[in-house]
There are 2 protein chains.
Amino acid sequence: MTSAAVSKEDVLDRLAKVFRDQGYEAASLSRLAKASGLGKASLYYHFPNGKQEMALAVIERAEMLFSEQILQPLRSGDAPAQRIAQFLRNLDTYYCNGEESCLLGVFAMTAVPEEFEQYIVSGLKRWIDELSAVLEEAGLLRKMALGRAETAVCWIEGALLVSRGTKSTKPFKQMLSQLKAFLLHDL
Amino acid sequence: MTSAAVSKEDVLDRLAKVFRDQGYEAASLSRLAKASGLGKASLYYHFPNGKQEMALAVIERAEMLFSEQILQPLRSGDAPAQRIAQFLRNLDTYYCNGEESCLLGVFAMTAVPEEFEQYIVSGLKRWIDELSAVLEEAGLLRKMALGRAETAVCWIEGALLVSRGTKSTKPFKQMLSQLKAFLLHDL
DNA sequence: GTCTATACACCGATAGAC
DNA sequence: GTCTATCGGTGTATAGAC
């Protein structure tokens, strides 16, 4: 990994895929080593606290990427309706048309170390809050905006889950096609 | 477990709780034994194929209970709107106000043995189809009904996930309070 | 920085007494 | 039917060579 060919970001992205696809407990060091292209001992060189540190680094990178690619565009200078439309396109890219799972969603649904839980809570809340802010700007009362944003996040997470469960990206695509109307109706 | 005090159903319900709360891989035989009140070897007496058989029995019991408590009332003789309202009350009971996870949802999100996947696919699809049938009866075109039912199941699963992730039953309660209007609007 | 080799705990699973 | 004891394998984690 010294060579720039495989950067720390590359390693984190490969580890992330294992955690997203398998969940925390099922992501064994053997699988993580294989996916990252490093030996187990090398992983411990980069993450001295082992699997837990790997997963935390993966969570932090995921929150950074999610913030950059999904949340920050929500704060641009465009009209709210435009920002919502862009938000949906960005979701489509981020989750690969519904083929990728949400790391926070996967960790929320299964056993993880206690230290992770605050990341999950705050990650989901931040998502809801940022979306709610746009809806408020579009003219919705705070309470309505929060409720609608919360519903949207539930819908997105549920669509990812059902898409994965039914081995079809249709639920995700359908959600994307209807979410804008839901978020902006009566506006 | 010979005594009627702890029936096979009791054991399955206790095992189910472990699988729902931890996911398949994290549900170790030690935890399953402790939760069931039986030793590991006793579990193997009742489930000769081990953990996989336990999980399959748990899935099958969950589908039976879900069918009885949630899906069959959807086929009663009442008016569609009444049936939907009852469906929501039954969901509230089944998922303990949003405090319990959906077994299929948990298994859908993480690594499980290949044999499970058809149960997950068909369980989710059946849920969508039964709900869709009621909406069709209420006057919706087949295609619309299917789309709306799929959205509803995504919403429910997502609300359970977000409720668990944020350690609050509010998303689940909010979903319950709004789903009827969503399912029946323009009807 | 990466590796091979290894330590030790826990995993799923079984044998055999009761 | 349930238990204790134990198996072989894999899990996470480390030591030490290179």
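In what follows, every chain begins at residue 1, and chains take the letters A, B, ... in the order their sequences are listed.
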Spacing between [X] atom [atom1] and [N] atom [atom2], to the nearest angstrom:
X	N	atom1	atom2	value
A:L29	C:dT6	CG	C1'	15 Å
A:Y24	D:dG11	OH	P	14 Å
B:M54	C:dG12	CE	P	9 Å
B:L32	C:dC11	CG	P	10 Å
B:K34	D:dC3	NZ	C1'	18 Å
B:Q52	C:dA13	CD	P	8 Å
A:K40	C:dT4	NZ	C1'	11 Å
B:K51	D:dG11	NZ	P	12 Å

* Asked: So which nucleotide from D:dC3, C:dG1, C:dG12 ends up closest to the side chain of A:Y45?
  ->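 In terms of side-chain proximity for A:Y45, the closest of D:dC3, C:dG1, C:dG12 is C:dG1.
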* To do: Could you work out which one of C:dT4, C:dG12, D:dT12 sits closest to the side chain of A:A41?
  =>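 Output: C:dT4.
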* To do: Mind checking the OH-CZ spacing from A:Y95 to A:R164? Nearest 0.5 Å is all I need.
  =>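 Taking OH in A:Y95 and CZ in A:R164, the distance rounds to 13.0 Å.
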* To do: Could you tell me the separation between the CE atom of B:M109 and the CG atom of A:D21, rounded to the nearest 0.5 Å?
  =>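 B:M109 CE to A:D21 CG: 11.0 Å, rounded to 0.5 Å.
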Answer with base, sugar-phosphate or nothing: what part of the nucleic acid does [X] contact at a heavy-atom distance below 4.0 Å?
X	result
B:A33	nothing
A:S42	base
B:A27	sugar-phosphate

* Which residues share a ring-ring contact (aromatic ring centres under 6.0 Å, His included) with A:Y45, sequence neighbours left out ->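 A:Y45 satisfies ring-ring contact (aromatic ring centres under 6.0 Å, His included) with no other residue.
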* To do: Considering just the side-chain nitrogens and oxygens of B:S30, establish if one lies under 4.0 Å of OP1 or OP2 belonging to C:dC11.
  =>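 Yes.
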* **Side-chain N or O of B:Y44 closer than 4.0 Å to phosphate OP1/OP2 of C:dT14** =>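 Checking C:dT14 against B:Y44, no side-chain N or O comes under 4.0 Å of OP1 or OP2.
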* Asked: Parallel, tilted or perpendicular: which describes the rings of A:F182 and A:H185, with under 30° parallel and over 60° perpendicular?
  ->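 A:F182 vs A:H185 ring planes: tilted.
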* Heavy-atom pair with the smallest gap, counting every atom of A:P171 and A:T166 ->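 Closest pair (atom of A:P171, atom of A:T166, distance): CG-OG1, 4.2 Å.
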